[in-house]
Amino acid sequence: MADHQPENEPLVEVRDLKVYFPVLAGVLRRKVGEVKAVDKVSLDIMKGETLGLVGESGCGKTTTGRAILRLNDITDGTVRIKGKYIHKSSLKEIRKIRPTMQMIFQDPQESLNPRMTVSAIISEPLTEHQDLSKKEREERVFDLMDSVGLNRDFATRYPHEFSGGQRQRIGIARALALNPELIVCDEPIAALDVSIQAQVVNLLEDLQEERNLTYLFISHDLGMVRHIATRVAVMYLGQIVEIGKSESLYSSPLHPYTEALLSAVPEADPEIERTRKAIVLSGDVPSPANPPEGCNFCNRCPKAFDICHKVEPTLTEIEPGRFVSCHLYNG
Amino acid sequence: MAEDISPVLSVKDLKVVFSTRKGEVHAVNTINFDLNSGELLGVVGESGSGKSVTMMSLLGLLPSPPARINGGTVSFEGKDLLHVNPNEIRKIRGGKIGFIFQDPMTSLNPVFSVGFQIMEPLKKHMGLTGRKAQDRALELLELVGIPDPKKRFKDYPHQFSGGMRQRVMIAIALACDPKLLIADEPTTALDVTIQAQILELVRDLRKKLGMAIIWITHDLGVIAGIATRVIVMYAGQIVEQANVEELFANPQHPYTKALIGTIPAVRGERAKRLNSIRGQAPTTLKEPHFCSFHPRCDFAFDKCTSINPQLIEQRKNHLVACHLFEDKGVAVG
């Protein structure tokens with residue numbers, strides 16, 4: 001959020017993060033290859049900012065988010081949260097840090113236990129991590145329900161009695177229970193109706209303001225990311241191709257993929273639509289098990305030249321705070 | 001378009017109810033619209049607004065029970081689709097009326113080759129056989145932009161990507177030169193860059209083939225770029241209907257206005273805060289005798305809680321169902 005000033009100190013530092021999944025085959029389940037879901041991703045998330053992570057399905061944005069919380073095993077690279085390296089920590093140590101980092105999931109239907117009441121869902125992290133009396137816990141649950149805009153009377157109800165938007169509020173209350181600093185929001189609005197999406201995004205913004213939260217906002221909704229994010233990282237096939245301040249990235253995309261991606265988003269305005277020229281990319285995203293040689297984007301890039309098919313570009317800072325991974329800008 | 005040409009499709013007073021344990025849900029409540037040839041009619045609404053149910057009922061695809069058509073007529077080529085016998089509707093479905101669904105994976109049969117599935121309607125509806133059916137199928141694959149159709153003809157759906165599968169679905173829908181194509185959220189499951197490819201293809205095909213299209217979506221951005229006329233649905237009713245430019249330039253119904261306001265722009269000015277619509281969409285357990293939107297509407301007044309507004313022409317070809325635009329002097333109750 002532009003009206004919310006983030007501090008200039010990284011909360012999360014990710015360096016050369018790799019998450020590879022093995023491809024097993026045959027009777028003996030021998031490893032025959034690997035899917036490079038996340039390949040050499042480096043990024044910082046500043047305290048109090050919202051970093052938007054965008055890209056198409058399968059580009060590795062969710063895996064990146066999960067790896068930062070150590071919900072996925074990390075193949076290689078380092079993850080540092082609040083100055084503490086967590087990529088090699090044992091699960092016991094991770095458990096101690098978990099209260100500071102929480103997650104909001106895409107589908108509130110599937111991320112809430114249907115057999116637990118709202119109050120039980122929200123207080124579960126409190127029982128796990130804090131030693132509170134029953135009375136204190138109850139108070140805390142009511143406070144949380146107030147802050148996400150849920151009626152206290154609903155505390156004894158079950159998830160199926162709520163609509164999608166309200167369920168997402170329950171998920172948010174649960175994530176807030178332990179006063180986290182970082183929340184990874186994995187497509188938090190993708191399953192919601194348009195009129196409800198705005199409610200949830202406004203709520204996330206209010207909570208950030210109140211509690212000085214840091215968000216990693218993973219989404220494929222480019223309009224919403226532009227709205228909520230301070231900075232935006234664009235991923236393609238497991239790599240970050242461009243990172244920069246939200247406004248400059250949207251107004252002047254540098255990487256050909258960012259440019260094509262933004263041009264493809266339809267605008268709810270027939271005037272703009274009549275003149276909008278989408279850069280229509282040919283073909284489909286290649287499989288991350290078998291990425292092309294050189295630049296990952298070279299086989300679909302309208303601006304590719306010979307070096308792109310041979311040498312892999314690196315993410316380089318071309319103006320302060322603006323990183324691009326493309327040969328067009330590396331010379 | 002000349003006025004005397006009769007519409008391809010004409011829906012009058014269509015009502016659909018679903019029996020549930022809680023009672024009858026009025027999913028579609030007195031829907032009226034016409035579709036002219038060459039038109040692309042966009043139908044927007046949120047989940048549960050009845051947009052898909054309306055279109056499924058045209059094709060006789062609703063499972064009954066629980067669904068029941070509770071009145072109305074749907075005329076297509078001089079026939080009432082709601083009252084023809086099952087054999088006849090089977091001839092129309094996939095023949096004169098083609099359709100595309102949201103998820104191209106679940107609508108293709110995984111155990112038959114793509115070529116076989118394209119030839120199926122050709123054999124059933126057009127009586128083509130062998131070589132001829134195959135030639136036409138290859139032509140269709142070429143038309144929808146599948147590279148190297150001869151080679152892909154024998155491939156199975158899992159060998160195609162999402163976008164390519166949707167192209168195959170479009171090829172099947174177009175196989176028998178339909179007069180009307182119904183597309184239910186055809187790009188919702190696709191990524192934006194792939195969506196851009198499919199939209200481009202549909203624009204192209206419309207120019208070439210000139211059939212009427214009904215395009216159901218919740219994405220106002222897609223509608224703005226592809227439709228000629230738009231219907232906005234809320235809680236089983238049409239709340240507004242207008243040409244696409246008119247609708248976006250002068251939205252009248254508070255719901256349409258609010259809906260357009262909730263969408264963050266990718267270009268131009270960035271809004272400081274998103275407009276949201278408070279509350280949530282209702283379930284229509286009773287046939288409403290009030291405006292279904294009134295609990296969420298900022299402009300609601302007493303009449304809105306007692307009388308269900310009718311769709312009235314406010315400006316030329318611009319219909320709105322809202323008491324705000326009726327003559328306020330004659331407010332009843």
Side-chain angles (χ1 to χ4, degrees), chain A residues 1-3 54-59 149 162-166 191-203 205-206 220-228 246-247 250-251 257 260-274 276 278-285 287 300, chain B residues 44-49 145 147 160-164 187 189-197 199-201 218-227 230 234 243-249 255 258-268 270-281 296:
Chain A
M1 277 296 322
D3 16 281
V54 297
E56 299 180 279
S57 39
C59 73
F162 294 89
S163 65
Q166 284 173 316
L192 305 176
D193 266 320
V194 194
S195 74
I196 309 295
Q197 289 186 349
Q199 289 177 7
V200 171
V201 166
N202 284 343
L203 172 68
E205 285 183 344
D206 291 342
H220 65 269
D221 184 335
L222 290 149
M224 208 50 101
V225 166
R226 175 183 180 218
H227 177 80
I228 198 173
S246 174
E247 274 316 284
Y250 276 83
S251 58
Y257 177 64
L261 190 66
L262 290 174
S263 81
V265 183
E267 195 79 74
D269 185 342
E271 299 275 319
I272 295 178
E273 281 302 291
R274 219 175 304 126
R276 179 174 68 91
I279 302 170
V280 177
L281 294 174
S282 58
D284 295 296
V285 183
S287 156
R300 300 177 77 198
Chain B
V44 267
E46 300 178 84
S47 37
S49 62
F160 288 77
S161 66
M164 285 297 155
T187 58
L190 307 176
D191 280 316
V192 270
T193 57
I194 308 297
Q195 169 173 291
Q197 293 174 359
L199 292 179
E200 188 81 21
L201 171 70
H218 65 274
D219 189 333
L220 285 166
V222 170
I223 284 290
I226 198 164
V230 185
Y234 186 79
N243 289 333
V244 68
E245 283 90 6
E246 166 74 6
L247 186 94
F248 282 92
Y255 176 64
L259 201 61
I260 293 173
T262 57
I263 302 167
V266 181
R267 303 166 186 84
R270 177 182 155 282
K272 266 233 141 100
R273 193 171 172 84
L274 292 177
N275 296 322
S276 64
I277 309 177
R278 62 169 190 267
Q280 67 210 45
R296 307 176 76 186

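Order of the sequence lines fixes the chain letters, A, B, ..., with proteins taken first and strands second; residue numbering starts at 1 for each chain.
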Is a side-chain donor-acceptor pair under 3.5 Å present for [Y] with [X]?
X	Y	value
Arg296(B)	Ser195(A)	yes
Gln197(A)	Thr262(B)	no
Gln199(A)	Ser276(B)	no

Pick whichever of [options] has the most heavy-atom pairs under 4.5 Å with chain B.
options	value
Val285(A), Leu262(A), Asp206(A)	Asp206(A)
Ile279(A), Val280(A), Val225(A)	Val280(A)
Ser263(A), Gly223(A), Ala260(A)	Gly223(A)
Arg226(A), Glu271(A), Arg276(A)	Arg226(A)

Side chain / backbone / both / neither for [X] at chain B, heavy atoms under 4.5 Å:
X	result
Asp193(A)	both
Val265(A)	both
Val201(A)	side chain
Ser282(A)	backbone

Measure from the side-chain N and O atoms of [X] to the backbone N and O of [Y], and report whether any donor-acceptor pair falls under 3.5 Å.
X	Y	result
Asp191(B)	Thr193(B)	no
Glu267(A)	Arg267(B)	yes
Tyr250(A)	Leu222(A)	yes
Glu246(B)	Asn243(B)	no

(message) Tell me the closest heavy-atom pair linking Asn202(A) and Arg273(B), and the distance in Å.
(response) CB-NH2, 3.3 Å
(message) Please classify the contact of Ile263(B) with chain A as side chain, backbone, both or neither, using a heavy-atom distance under 4.5 Å.
(response) side chain
(request) Can you tell which part of Glu245(B) gets under 4.5 Å to a heavy atom of chain A, answering side chain, backbone, both or neither? (result) both
(request) Would you mind telling me which of Gly145(B), Ala271(B), Ala265(B) has the largest number of heavy-atom pairs within less than 4.5 Å of chain A? (result)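 Result: the option with the highest number of such pairs is Ala265(B).
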